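Note: hydrogens, waters and symmetry copies are ignored here, and every other heavy atom, side chains too, is used. Note that the structure is predicted; figures quoted are calculated from it, not measured.
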Amino acid sequence: MLTKTAVNEALHIIEGMYPEAECELIHSNPFELLIAVVLSAQCTDSLVNKVTPNLFTKYHAPRDFVAVEQEELEQDIRSIGLYRNKAKNIKKLSMSLIEQFDGEVPQTREELMSLAGVGRKTANVVASVAFGTPAIAVDTHVERVSKRLGICRWKDNVREVEETLMKKVPKEKWADTHHRLIFFGRYHCKAKDPQCSICPLLDMCREGKKRMRQQEVKHG
DNA sequence: AACTCGGGGCA
DNA sequence: TGCCCAGAGTT
């Protein structure tokens, strides 16, 4: 397991690799953010950003999603994939907002996670981006990178990865950490074909060094 | 713990 | 044209 100091050193190096910020979901209020993040499950932010401008021109509040036919909403979001589940969840979620939260987006992670289509990652993104609640949203990139580097343990579940990151990263850097690790995971420490041989973190990376040793054996 | 949902993007 | 991407719900 990497120490607090080593983790912050790693984050600093990653920061140097990617000066610009992560692509973010287009939204202008907490409700639009919530919808956009629910839509973004299993697809990229840029893909979601292609449908949300039209979507938010047509739908402005929970009641608009409740009123529309499921099939029509499915067509409005069809291009992002998994559209039946997502349309169903958005209609259900919108009804919950009206019935339980006076039509507003709740601010706590527990309340957010009670909504259809909102899991731990989505709840953390909404809580932190819309309401400034300190949180680290752990997606597959953050999880994979944290495990390879040895920030957390291999067997940790998402909650444990999140808790370990919160312990090892200063609170004021949580939001930035999320973006940096996603960027690093998507473009460099990829799930398949990670770029270990040119990685500036190789010296401190347990998995990277292991992979390099395996390559040496393979290629004589 | 494994399975399902489903398009777009890119080699 | 087939592989790769990327969470939440269900069983």
Side-chain angles (χ1 to χ4, degrees), chain A residues 18 21-27 30-55 62 65 70-97 100 105-106 108-130 133 135-148 152-163 165 175 177-196 211:
Chain A
Y18 306 107
E22 165 76 343
C23 168
E24 287 188 6
L25 295 165
I26 297 170
H27 66 280
F31 180 64
E32 288 187 3
L33 176 68
L34 175 62
I35 298 299
V37 183
V38 168
L39 290 177
S40 78
Q42 291 293 100
C43 74
T44 60
D45 287 2
S46 60
L47 198 56
V48 173
N49 285 340
K50 287 179 179 170
V51 307
T52 42
N54 284 337
L55 198 70
F65 287 112
Q70 164 106 14
E71 288 73 19
E72 187 177 341
L73 181 55
E74 286 177 4
Q75 292 314 304
D76 289 336
I77 64 172
R78 185 170 41 84
S79 65
I80 66 171
L82 306 179
Y83 53 89
R84 291 191 187 89
N85 280 339
K86 288 176 181 178
K88 187 178 68 182
N89 284 336
I90 284 171
K91 282 181 69 66
K92 194 171 170 187
L93 166 162
S94 296
M95 184 58 86
S96 299
L97 291 185
Q100 301 172 36
V105 178
T108 71
R109 275 161 296 192
E110 290 70 26
E111 288 169 324
L112 285 164
M113 282 181 69
S114 75
L115 300 169
V118 181
R120 196 172 182 82
K121 184 251 180 181
T122 299
N124 277 342
V125 171
V126 174
S128 61
V129 176
T133 306
I136 297 179
V138 177
D139 68 354
T140 56
H141 295 301
V142 175
E143 180 173 355
R144 181 179 66 254
V145 169
S146 298
K147 289 181 175 181
R148 281 184 179 161
C152 63
R153 289 178 288 261
W154 274 109
K155 62 179 177 65
D156 284 350
N157 60 33
V158 176
R159 185 190 195 105
E160 290 166 329
V161 175
E162 186 185 314
E163 284 167 355
L165 281 167
T177 297
H178 170 67
H179 290 130
R180 299 297 176 192
L181 291 184
I182 285 178
F183 226 117
F184 179 64
R186 178 172 300 152
Y187 299 112
H188 192 106
C189 193
K190 297 182 283 190
K192 307 216 165 167
D193 190 31
Q195 312 290 296
C196 299
R211 280 171 181 268

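The residue Leu47(A) sits close only to the backbone: its heavy atoms come under 4.0 Å of sugar-phosphate atoms, none of a base. Among the atoms of the strands shown, base atoms are found under 4.0 Å from some heavy atom of Gly81(A). Ile77(A) comes within 4.0 angstrom of nothing in the nucleic acid, heavy atoms only. Nucleic acid contact class of Thr122(A) (heavy atoms, under 4.0 Å, all strands): sugar-phosphate only.
In this structure, the NZ atom of Lys86(A) is 10 Å from the P atom of dA8(C), given to the nearest Å. Look at CG on Leu93(A): it is 10 Å from P on dG9(C), rounded to the nearest Å. Asn85(A) has its CG atom 8 Å from the P atom of dC5(B), to the nearest Å. Between the CG atom of Leu39(A) and the C1' atom of dG7(C) there is a distance of 13 Å, given to the nearest Å. Between Arg186(A) atom CZ and dC10(B) atom P there is a gap of 13 Å when expressed in whole angstrom units. Nucleotide dA6(C) holds its C1' atom 16 Å from the NZ atom of Lys190(A), rounded to whole Å. The distance from atom CG of Asp193(A) to atom P of dC10(B) is 17 Å, rounded to the nearest whole Å. With rounding to whole Å, Met113(A) atom CE is found 10 Å from dA8(C) atom C1'.
Non-hydrogen atoms lying under 4.0 Å from DNA chain C are contributed by nothing in residues 30-38 of chain A.
For Arg84(A) and dG6(B), the shortest distance from a side-chain N or O to OP1 or OP2 is below 4.0 Å. A close approach under 4.0 Å does not occur between any side-chain nitrogen or oxygen of Tyr83(A) and OP1 or OP2 of dG6(B). For dA6(C), the OP1/OP2 oxygens have no side-chain nitrogen or oxygen of Thr44(A) closer than 4.0 Å. Dashed line: the shortest gap from a side-chain N or O of Lys50(A) to OP1 or OP2 of dG9(B) is under 4.0 Å.
Rounded to whole Å, the C1' atom of dG7(C) lies 23 Å from the corresponding atom of dC10(B). Comparing dG6(B) with dT11(C), their P atoms are spaced 15 Å from each other, to the whole Å. Nucleotides dA11(B) and dA6(C), compared at atom P, are 15 Å apart to the nearest Å.
Across the interface with DNA chain C, nearest-nucleotide mapping of Lys88(A) and Asp139(A) shows Asp139(A) to be the residue nearer the 5′ end. Between Leu115(A) and Gln42(A), the residue whose closest nucleotide on DNA chain C is further toward the 5' end is Gln42(A).
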### Message
What verdict does the side-chain hydrogen bond (donor to acceptor under 3.5 Å, both in side chains) test give for Glu162(A) and Asn124(A), after you've listed the backbone C-alpha separation in whole Å, the side-chain angles of each residue and the deciding distance to 0.1 Å?
### Response
CA-CA 10 Å; Glu162(A) 186 185 314; Asn124(A) 277 342; 3.0 Å; yes

- Task: Apply side-chain hydrogen bond (donor to acceptor under 3.5 Å, both in side chains) to the pair Ser146(A) and Glu143(A), showing each step before the final yes or no.
- Result: CA-CA 5 Å; Ser146(A) 298; Glu143(A) 180 173 355; over 6 Å; no

Verdict with reasoning, Glu74(A) to Gln70(A), per side-chain hydrogen bond (donor to acceptor under 3.5 Å, both in side chains): CA-CA 6 Å; Glu74(A) 286 177 4; Gln70(A) 164 106 14; 3.0 Å; yes

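Distance check: Glu110(A) CD to Thr108(A) OG1 gives 5.0 Å after rounding to the nearest 0.5 Å.
Within the 4.5 Å cutoff, no side-chain heavy atoms of Cys152(A) are placed close to those of Leu165(A).
Ranking dA6(C), dG7(C), dC4(C) by closeness to the Lys121(A) side chain, first place goes to dG7(C). Relative to the side chain of Ala191(A), the nucleotides dG7(C), dG6(B), dC5(C) differ in distance, and dC5(C) lies closest.
Screening Leu115(A), Val105(A), Leu112(A) against Leu93(A) for a side chain to side chain contact (heavy atoms under 4.5 Å, CB included) leaves a single residue, Leu115(A).
Under the 30°/60° scheme for interplanar angles, the aromatic rings of His188(A) and Phe184(A) are found to lie parallel.
In summary, Arg153(A) and Glu160(A) do not engage in a salt bridge, as defined by a charged side-chain N under 4.0 Å from a carboxylate O.
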